[in-house]
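Worksheet: the structure to be examined is printed underneath.
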Amino acid sequence: TNVSALPVSMNIEGTRENFFKFLDFVETSGSLERGLRLMAINSIQLNFPDGGEIVDNAKQVINFTVDMAAYYQTPRTRR
């Protein structure tokens, strides 16, 4: 079985707390037994609508754009 990548771009708005949950979700996607990841982040762009980051506020709303790849199995084809 071969593996293919599907490029994905998302614009997301959420709290800093949920941003870190999203990163953890991507990091732990896939098979934990074999250590295979099903998603990988290529780049992240952060935007703070309130004019800047408030470091001590985990509930601050941020916008982030994520470019990533989602991996999936593709069957081998005979030629």
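None of these values were measured; they are calculated from a predicted model.
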Is the F22 ring parallel, tilted or perpendicular to the F64 ring (thresholds 30°, 60°)?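 Rings of F22 and F64: tilted, as their planes differ by 30° to 60°.
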Query raised in the report: Can you tell if the side chain of D24 reaches within under 4.5 Å of the side chain of K21, non-hydrogen atoms only?
Result: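 Side chain of D24 against side chain of K21, heavy atoms only: no contact under 4.5 Å found.
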Is there a side-chain contact between I44 and L23 (heavy atoms, below 4.5 Å)?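 I44 reaches L23 side chain to side chain.
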Under 3.5 Å, side chain of E53 to main-chain N/O of Q60, donor-acceptor pair present?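 It does not hold such a pair.
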How far apart are the closest heavy atoms of [X] and [Y], and which atoms are they?
X	Y	value
A69	N42	N-ND2, 4.1 Å
K59	T15	O-CG2, 3.5 Å
S9	D67	OG-OD1, 2.9 Å
A5	Y72	C-CE2, 4.2 Å
R16	I62	CA-CD1, 4.2 Å
T74	S4	CG2-OG, 3.1 Å

Note to self: With clusters defined by side-chain heavy atoms of hydrophobic residues (ILVMFWY) lying less than 4.5 Å apart, directly or transitively, does F48 cluster with V55?
What the structure shows: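 Looking at the clustering, F48 is in a separate group from V55.
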Review point. Given the rule that I, L, V, M, F, W and Y join up when any side-chain heavy atoms are under 4.5 Å apart, are F25 and M10 in one cluster?
Key: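 Yes, F25 connects to M10 through the hydrophobic network.
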